[in-house]
Amino acid sequence: MLQGSEVMGECEDGKEYRCWEELLPDALGLIFRNLPLQEVLTVLPRVCKSWGRVVAGPYCWQEIDIEEWSQQQGKPEQIARMVELLVGRSAGSCRRISVSGLPCDPRFSFIGDNARALRTLEIPRSEISDSMVESVAPRLPNVTFLDISSCTKMGARGLEAFGKHCKSLAGLRRVMHPIDLADRACQHDEAHAIACSMPRLRHLEMGYMLVATEAVAEILGRCRELRFLDLRGCWAVDDKLLPRDRHPGLRVLGPRVDDCYENSYWEECSDDYSDDSSIYSWELMDDVDDDYDYAAGSDDDDDEAVWDDDGQGLENLEVRFYGGGFGETFAGFDWPPSP
């Protein structure tokens, strides 16, 4: 591989090559996204100053997925610091964020302030509240896909705020776990909020929500563009009584849970997803000599703060870079497993 400090020259076959450091930062960012994240953060900055500036800038951080890593973390402060680090580096250009268990409301506000170009927001099992959603949602008008599964501290008010301010919302995942609903009688208010505030939904997952047939019928009556509906585990819903005449192309999954069907479907789709993810085993990051000045200023200090904490901060971190979290062709392809 050509080093960033090399100059124009000739290869053995007589063809000229161009110094990699002369590539535009956007082009370098596209190339670096194909590398393991550990190399992006620990190796590339040592090659040359221009590569270091690209890694410290927004070019590599437009799509961030740390959901699997965050599920394995026992320290919420680690998740919070990682979110702040990567979203901060994106400099407002981040289009996708996926993190599980976002620990507290201020971090959600940080996303709203620093990721206004966001189109896909996946924050299952997070601790966001209705009041914080009402405050932050106006800053996220471009969101088209939203995953707020098992966010037990928010309810109908938060859903209504998302629907009111995210006018282009086309996909919603609000899948619950039975344990999440142990103290709840029903979620008809949430179904009503979805029906009244999200008329452009095409993809809706509401598995295991405590809703009855009438609540789902209201959603179908108002969300005329709906193409996929996941009702698995919604035992009070009789799918035979749902008004499907206005939705001839609607695909309904559930309420009955068929694990055999799910498993066979995942096997069929495994080839499509094999190139989109990989798991990186992390070791404690060595100190990197700061021989040049990054535009981000204190990024090195932030990095060390994330890597520390007994050397376990980034173990088994998974970050995937790929275009888009939701599209018409993805309808029904990312079904969550049954509890």
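Side chain of Thr120 to backbone of Arg96: no donor-acceptor contact under 3.5 angstrom is found. Proximity of a side-chain donor or acceptor of Arg174 to a complementary backbone N or O of Cys151 within less than 3.5 Å is detected. Side-chain atoms of Asn142 come within 3.5 Å of backbone atoms of Arg116 as a donor-acceptor pair (strictly under, hydrogens ignored). Not a single donor-acceptor pair under 3.5 Å links the side chain of Ser109 to the backbone N or O of Pro106.
Within the 4.5 Å cutoff, the side chain of Tyr208 has heavy atoms near those of the Val257 side chain. By the 4.5 Å heavy-atom criterion applied to side chains, Cys196 and Arg222 are counted as neighbours. Looking only at side-chain heavy atoms (C-beta outward), Val136 and Ile128 stay at 4.5 Å or farther from each other.
Just one residue in the list Ile64, Val87, Asp65, Val83 forms a side-chain contact (heavy atoms from CB on, under 4.5 Å) with Val99, and that residue is Val83. A side-chain contact (heavy atoms from CB on, under 4.5 Å) with Gln187 holds for exactly one of Ile194, Leu210, Leu159; it is Leu210.
To the nearest 0.5 Å, atoms OG (Ser93) and CH2 (Trp61) are separated by 11.5 Å. Between Asp183 atom CG and Thr152 atom OG1 the span is 8.5 Å, to the nearest 0.5 Å. The SG atom of Cys223 lies 11.0 Å from the CG atom of Leu250; values are rounded to the nearest 0.5 Å. Annotation: the span from Ile111 atom CD1 to Cys94 atom SG amounts to 8.5 Å, rounded to 0.5 Å. Taking OG1 from Thr144 and CG from Leu169, the interatomic distance works out to 7.5 Å, rounded to the nearest 0.5 Å. Interatomic distance, Arg251 CZ to Asp230 CG, rounded to the nearest 0.5 Å: 10.5 Å.
Here the closest non-hydrogen pair linking Glu67 and Pro124 is OE2-CG, 3.4 Å. The nearest pair of heavy atoms linking Val211 to Val237 is O-CG2, 3.5 Å. Nearest heavy atoms, His203 versus Leu226: N-CD1, 3.9 Å. Residue Ser90 comes nearest to Asn114 through the heavy atom pair OG-O, 4.2 Å, listed as atom of the first residue, atom of the second, then distance. His247 approaches Leu220 most closely through the heavy-atom pair NE2-O, 2.7 Å. Taking every heavy atom of both residues into account, Ile66 and Met82 meet most closely at CD1-CG, 3.6 Å.
Hydrophobic clustering, with ILVMFWY side chains joined whenever heavy atoms are under 4.5 angstrom apart, keeps Leu241 apart from Met209.
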*asked:* Run Leu229 and Val216 through side-chain contact (heavy atoms from CB on, under 4.5 Å) and show every step you take.
replied: CA-CA 10 Å; Leu229 178 61; Val216 177; 3.9 Å; yes
Does Glu190 form a side-chain contact (heavy atoms from CB on, under 4.5 Å) with Met206? I'd like the steps, not just the answer. CA-CA 10 Å; Glu190 293 191 17; Met206 49 193 303; over 6 Å; no
Checking Leu102 against Phe110 for the side-chain contact (heavy atoms from CB on, under 4.5 Å) test, could you report, in this order, the C-alpha distance in whole Å, the side-chain angles of both residues, the deciding distance, and whether it holds? CA-CA 11 Å; Leu102 196 65; Phe110 179 85; over 6 Å; no
- prompt: Ile148 and Val133: side-chain contact (heavy atoms from CB on, under 4.5 Å), yes or no, with the steps?
  reply: CA-CA 11 Å; Ile148 46 175; Val133 172; over 6 Å; no
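Within 6.0 Å of CZ on Arg119 lie no more than 12 heavy atoms contributed by other residues, nucleotides or ligands. The neighbour count for His188 NE2, taken as heavy atoms of other residues, nucleotides or ligands under 6.0 Å away, is above 12.
Pairs of residues two or more places apart, or lying in two chains, that qualify as side chain to side chain donor-acceptor pair (under 3.5 Å) and include a residue from residues 126-137 are Asp105-Ser129, Ser129-Ser131, Glu134-Arg157, Ser135-Arg139.
Looking at residues two or more places apart in sequence or on another chain, you find no side-chain hydrogen bond (donor to acceptor under 3.5 Å, both in side chains) involving Glu160.
The closest side-chain donor-acceptor pair between Asp180 and Ser150 falls under 3.5 angstrom. A donor-acceptor pair shorter than 3.5 Å can be found between the side chains of Ser100 and Arg125.
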